[in-house]
Amino acid sequence: MSDLGQLLKKARIEKKISLDDLQETTKIRKRYLEAIEDGNYKVLPGNFYVRAFIKSYAEAVGMEPNEVLNMYQNVIPQPEPEQIEPIRTKRTTRNTERLGKWASNVMVISFVVLILGVIYYYVSQNYSGSTNDATKDLPKKITEKVEPAAKTPDPGNAGANGANGTNGALADTKPVQVPTPPPASTPTTEVKLVKSERGTDYYTVTGTDKLKIEMKVTGDSCWVEVDSPPAPKKTVIDSTTFKNGETKTWDLTDTAFMIFGKANAVELSVNGSPVVVGDQPNVKKIQVDIQKS
């Protein structure tokens, strides 16, 4: 057992905290806690998680985590530096000039086509207008039939028809207007941060009875654990170390509790709404509850 492990174990025993209780408080697996006390850091997922887990352990047993890390910085393995590949951009002046010439040619051709279209429109309108005026002035042929004038209704007959209830009934008939029911309003889903307590952010989701959690690793590899529901009767849904670029989706119908080993390495959204995990390489714990109406 290392000196650091003895120090942490002694503080835990003085606080009368068991490894099971410490596991529930820190959300770190019991075998990882035992490895920290034994100084067997190879059991942990990576060098970065050694410092993060020791910091959470010390904070849970009432010690100052930064002092512990500074005292044993020579013993604790240092995290591996992230390897960032430079983004190579290939842009040549020749391609830019060719694109500019192509765009200018398209603009010139479009302008010429527009002018020709306007000229054609005005010419066709004037030509059709002069043709219609000329045909109006021509005399009608003798062979053309003259339509008889429409007969005007007789007031007497109109009264009779109204009395008989034929035309009058048709004139008084109006179409029945059926009222259109208003469209049903669909509830909107809202994800809201309620509180932050003991290193855990608590969110509530309204307007739905299901949780769709989407995660993407944008930085270095990150260890993630998803539980549902939380302690004391929790069920581990997933506990995996994800690499850069990997994505994962969890569909749940109950409370979700998540632990991220490196907060600034992931992007998270719940039911399509983004959730801020953090901008520091620290352990982050998030709990999402469905608020039922």
Side-chain angles (χ1 to χ4, degrees), residues 1-84 196-202 215 217-227 230-232 234 236-244 246 257-266 268 276-287:
M1 180 179 293
S2 63
D3 294 339
L4 174 58
Q6 291 179 355
L7 179 65
L8 295 175
K9 184 176 181 179
K10 180 180 179 182
R12 175 176 64 80
I13 295 174
E14 290 178 354
K15 292 287 185 178
K16 297 181 179 180
I17 301 175
S18 64
L19 286 175
D20 293 331
D21 295 336
L22 190 61
Q23 177 181 241
E24 297 298 332
T25 303
T26 61
K27 303 303 178 182
I28 300 174
R29 289 190 173 184
K30 184 177 179 180
R31 65 189 186 96
Y32 293 156
L33 299 175
E34 292 176 345
I36 292 173
E37 291 183 351
D38 295 338
N40 187 13
Y41 302 129
K42 294 182 179 180
V43 178
L44 276 66
N47 290 342
F48 168 79
Y49 298 101
V50 176
R51 297 178 63 86
F53 287 176
I54 291 175
K55 186 176 181 180
S56 297
Y57 190 121
E59 185 178 0
V61 297
M63 300 182 67
E64 178 60 35
N66 294 326
E67 292 183 2
V68 174
L69 294 176
N70 291 333
M71 289 172 58
Y72 296 93
Q73 59 182 351
N74 296 329
V75 179
I76 301 173
Q78 298 296 324
E80 299 177 356
E82 297 183 7
Q83 297 180 357
I84 302 175
S196 296
E197 187 177 41
R198 299 191 60 155
T200 302
D201 292 346
Y202 294 86
M215 182 208 67
V217 179
T218 58
D220 198 3
S221 60
C222 180
W223 171 76
V224 180
E225 179 174 320
V226 179
D227 304 334
K234 71 174 183 178
V236 178
I237 304 297
D238 203 344
S239 179
T240 312
T241 299
F242 295 90
K243 297 181 180 180
N244 179 274
E246 291 185 342
F257 187 86
M258 296 166 284
I259 310 172
F260 300 93
K262 194 173 184 180
N264 64 345
V266 298
L268 184 69
V276 178
V277 182
D279 57 356
Q280 298 296 328
N282 298 328
V283 177
K284 187 67 174 182
K285 293 173 281 188
I286 295 176
Q287 180 170 320

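Just the heavy atoms: all of them, side chains too, but no hydrogens, waters or symmetry mates, feed the values below.
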Checklist outcome for this item: Sorted by chain and residue number, the side-chain contact (heavy atoms from CB on, under 4.5 Å) partners of Ser239 (sequence neighbours excluded) come out as Arg29, Trp223, Glu225, Val236
Checklist entry - Can the positive tip of Lys27 be found less than 6.0 Å from the middle of the six-membered ring of Phe257, inside 45° of the ring normal? => result yes
Next on the checklist: For the backbone of Thr218 and the side chain of Asn244, can you confirm whether one donor and one acceptor N or O come within less than 3.5 Å of each other?
Outcome noted: yes
Next on the checklist: In the structure I gave you, are the side-chain heavy atoms of Glu34 and Ile36 within less than 4.5 Å of one another anywhere?
Outcome noted: no
Checklist entry - So, Ser18 and Asp20: side-chain donor and acceptor under 3.5 Å apart, yes or no? => result no
Checklist outcome for this item: Ser196 meets the side chain to side chain donor-acceptor pair (under 3.5 Å) criterion, sequence neighbours left out, with Asp201
Item to check | Met215 and Phe260, any side-chain heavy atoms less than 4.5 Å apart | outcome: yes
Checklist entry - Do Arg51 and Leu69 come close enough that some side-chain heavy atom pair is under 4.5 Å? => result yes
Checklist outcome for this item: Interatomic distance, CG@Leu8 vs CD1@Ile13, rounded to 0.5 Å, equals 11.0 Å
Checklist outcome for this item: For Thr240 and Asp238 the tightest heavy-atom approach is OG1-OD1, 2.6 Å
Item to check | Thr25 and Arg198: CA distance, side-chain angles, deciding distance, side-chain contact (heavy atoms from CB on, under 4.5 Å) verdict | outcome: CA-CA 9 Å; Thr25 303; Arg198 299 191 60 155; 3.7 Å; yes
Could you pull out every donor-acceptor pair under 3.5 Å between side chains of residues 53-68 and any protein atom, sequence neighbours left out?
from	atom 1	to	atom 2	distance (Å)
Ser56	OG	Ala52	O	3.2
Tyr57	OH	Arg12	NE	3.3
Tyr57	OH	Glu37	OE2	2.5

Next on the checklist: Distance check, rounded to the nearest 0.5 Å: Leu19 atom CG versus Leu33 atom CG?
Outcome noted: 6.0 Å
Checklist entry - If you round to the nearest 0.5 Å, how far is CD of Gln287 from CD1 of Ile259? => result 11.0 Å
Checklist outcome for this item: To the nearest 0.5 Å, atom CD1 of Ile286 lies from atom CG of Leu268 at 5.5 Å
Checklist entry - Counting N and O atoms only, with roles assigned by atom type, does the side chain of Glu24 sit under 3.5 Å from a partner on the main chain of Asp21, one being a donor and the other an acceptor? => result no
Checklist outcome for this item: CD1 of Ile17 to CD of Gln23, rounded to nearest 0.5 Å, is 13.5 Å
Item to check | Approximate separation, where rounding is to 0.5 Å, of Ser221 OG and Glu246 CD | outcome: 9.5 Å
Checklist entry - Val224 versus Met258: any side-chain heavy-atom pair under 4.5 Å? => result no
